[in-house]
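Heavy-atom basis, side chains included; hydrogens, waters and symmetry copies ignored. In what follows, chains carry the letters A, B, and so on, assigned in the order in which the sequence lines appear, proteins first and then strands, with residues in each chain numbered from 1.
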Amino acid sequence: MADVTMERPVIQTADGVPLKTKLRVTTRNNRLKAFGLVIPLLAFVLIAFIFPIGSMLLRSVDNSLLPSLLPRTAAALQEWDGQGIPDEATFAIFAEEMVAARKARTIGRVATRVNFERSGMRSTFTKSARRLAKVEAGPWKEALIKIDKKWGEQGTWTTLKVLSEPLTLTHYLAALDLKYDDDLSIVSEAEDRQIYVPLFLRTLWVSLGITVLCLLLGYPIAFLMATLPVRISNLLMILVLLPFWTSLLVRTTSWIVMLQTEGVLNDIMVALGLISDESRVQMIYNMTGTVVAMTHILLPFMVLPLYSVMKTISPSYVRAARSLGATPATAFFRVYFPNTIPGIGAGSLLVFILSIGYYITPALVGGRTGQLISNLIAFHMQKSLNWGLAGALGALLLGGVLALYILYNRIVGVDNMKLG
Amino acid sequence: MANSIEAYVSFREVQKSYDGETLVVKNLNLDIEKGEFITMLGPSGSGKTTCLMMLAGFEPATHGEIYLDGNPINNVPPHKRDIGMVFQNYALFPHMTVAENLAFPLQVRKAPKEETTQRVNRALDMVQLGGFGGRRPGQLSGGQQQRVAVARALVFDPKLVLMDEPLGALDKNLREQMQYEIKHIHENLEVTVVYVTHDQSEALTMSNRIAVFDDGVIQQLAAPDVLYEKPDNAFVASFIGENNRLFGQVRGVNGSGCTVELEGGGEVQALAVNIDGQGTETTLSLRPERVVINPTNGSVPNVFDARVEELIYLGDHVRTRVNLCGHDDFIVKVPNAAGHAHLKPGEQVKVGWMAEDCRALDASVRT
């Protein structure tokens, strides 16, 4: 007894540390075990998710190509004030490094990079490098301008100056249809050359439209699944999940079969005399095809959260509302519907975020007008190999989704969201 | 028939089937007076909740007619019946505050704003939840939620209030307290209440009359004391309160009494209540508190030898299990009164009872 009374004040000393230390020691083993269990997943997420995203973000601002391949030119251009054209000394360094780069066979990469920013520069670079090799002595300024008069334009050199910085915003500017003009101030692209902002907006609207369509189509089926007897609702559940068991490509291509001009739907409409054989409706390889196929594919992501929320709503709520004097419509809108909002929020957010980055379906059935921003990202990844721009577009998409998520959290509250 | 409806609520030949093969409610006839507190009591699956749902309008009657205040209501949708209902799990709307829950029935009736506020506050005061209007149902305890549910069912002055096992989710003490509260509200407001429960003590405490349901049929409809003291049949006798059952054959009937020969031997003088005459099987029902230990000679007509098997001390009485005529589950409640017999297990005693306390009922299914 005496020991216990002596020890208690020791455990609860004024600074409180000994008690906490003791607690830490006793719980440390459990925490280590728990951590050990999640290590594989943590490593996987790190390698397959965090690292690629980080690398993409880095690539979107990375500009080290010119400084590493033409280091002295880059250094000289960083000193240059950007007015007129650089002095003879800079031209001399540039000419020397061009010749060296041609020998090292790296001039092509520099030309490609510059060409992204200023089209037509690839041929200027390769031609100039080839001819410079034959020029034996300066003045280099005159020699270069003689080879191609673009070397006498301020814009050429300001572009090179921008590319000499180790980090750059050019990819982000391009992704927002902006650019540096010859005086290094930021201006928007010509109206007819704006691609990305309209595409971002189109992606946003299409995603919103698909979300609304999924909600309108999914709400009744989720309601039926939650209220019908188990035997029937299980059947419905299987039908809802069936698309998940079918390959995405099969589903998308079956829509091609359905919707193409010589397809099932058009044939039926012609057979019923609704349309004439000559005026078959174009329903695929355009925005209609993209919206229809994506709505179909994303519908389960709306139905399942809705169903899981509706399942928890006791039927006695609606009964109570009815017995208290509410018509069926009032009971639905004032009692049932408000209780399904967590499911609507979760389903909508899920469908919206999935559709905003959807790639395969628009690529297969979108044709020219049904393309979304992700298709352009893929284009820059695979075809034009402008990874910096692809990275910037991806980062903007990521930022947009995060912003929407924060907005959603402000309005609805993430705690109100129920995914299952 | 329809023109002679005098009762406030009336079930006339109501039948209900869910699958078209079995009847859940078989030919129900029940009249409920205005201001009455009537309880439908029965085991689960006896059809009592189905009756309530038909009255509320959530289940259609397969056959027959239900009248409310003289009017047939079979084709009246639930929201036009003007019936308040308290549900098993309260069914308070979780996304509304307590005050909004109470205002809901008034709002859908388009009551003026000031009147709504007034009546909501009055209803909250009635259930002693004056300051709780701004809370959500989830922030209240079970008993408080229960009170809100009762207040919500009453706030719009319904013609009738239905309660579907409303106290089932509460613990014992709270349940008893709520029983008294609901009883007092009923007495103060003079509202007609139809209450469904499977808990007999709840039914006995609160009701004016109790309808005992079994197998889709009302077995007996009577006031609590009648139901307990004068059960009509073996089911009611065993369902309400504790009950000793003895099985035997009727040997002779004389007026209101009869003589029954027990299966284990011995003859009992009993009250003929529900027997088909001489030679038929019967179940004798005898309340444990009506059995006397070691009766004085000649005071009771039925005296038997018994052996004490088990004693359970329960404070106000000692529950004594004795072996009598081969039945070893014969219970005697010995009151813990001054000078009561102190028994020991294994002791041989005499037990006896009056003929009128021993009711000869129908031959029940033995369980």
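Under a 3.5 Å cut-off, the side chain of B:E165 and the backbone N or O of B:V196 do not form any donor-acceptor pair. Distance alone, capped at 3.5 Å, is enough to place a donor-acceptor pair between the B:N101 side chain and the B:F93 backbone.
Options A:S316, A:P328, A:P315 differ in how many heavy-atom pairs under 4.5 Å they form with chain B, and the most are formed by A:S316. Contact count versus chain A (heavy atoms, under 4.5 Å) is highest, among B:I83, B:N89, B:V86, B:V108, for B:V108. For the options A:P338, A:A326, A:A331, heavy-atom pairs under 4.5 Å to chain B are most numerous at A:A326.
The CG atom of A:L298 sits 12.0 Å away from atom CD1 of A:I353, with the distance rounded to the nearest 0.5 Å.
For B:F156, the part lying under 4.5 angstrom from a heavy atom of chain A is the side chain only. Looking at B:L92, only its backbone comes within 4.5 Å of chain A, counting heavy atoms on both sides. With a threshold of 4.5 angstrom between heavy atoms, B:Q88 does not approach chain A through any atom at all. Heavy-atom distances place the side chain of B:R109, and not its backbone, under 4.5 Å from chain A. Of the atoms belonging to A:S314, not a single heavy atom falls under 4.5 Å from chain B.
In summary, the aromatic rings of B:Y195 and B:F37 are positioned with their centroids under 6.0 Å apart.
Salt bridge B:D31/B:R12: present, at least one basic N to carboxylate O contact under 4.0 Å.
Between B:S17 and B:V24 the shortest side-chain heavy-atom distance does not fall below 4.5 Å.
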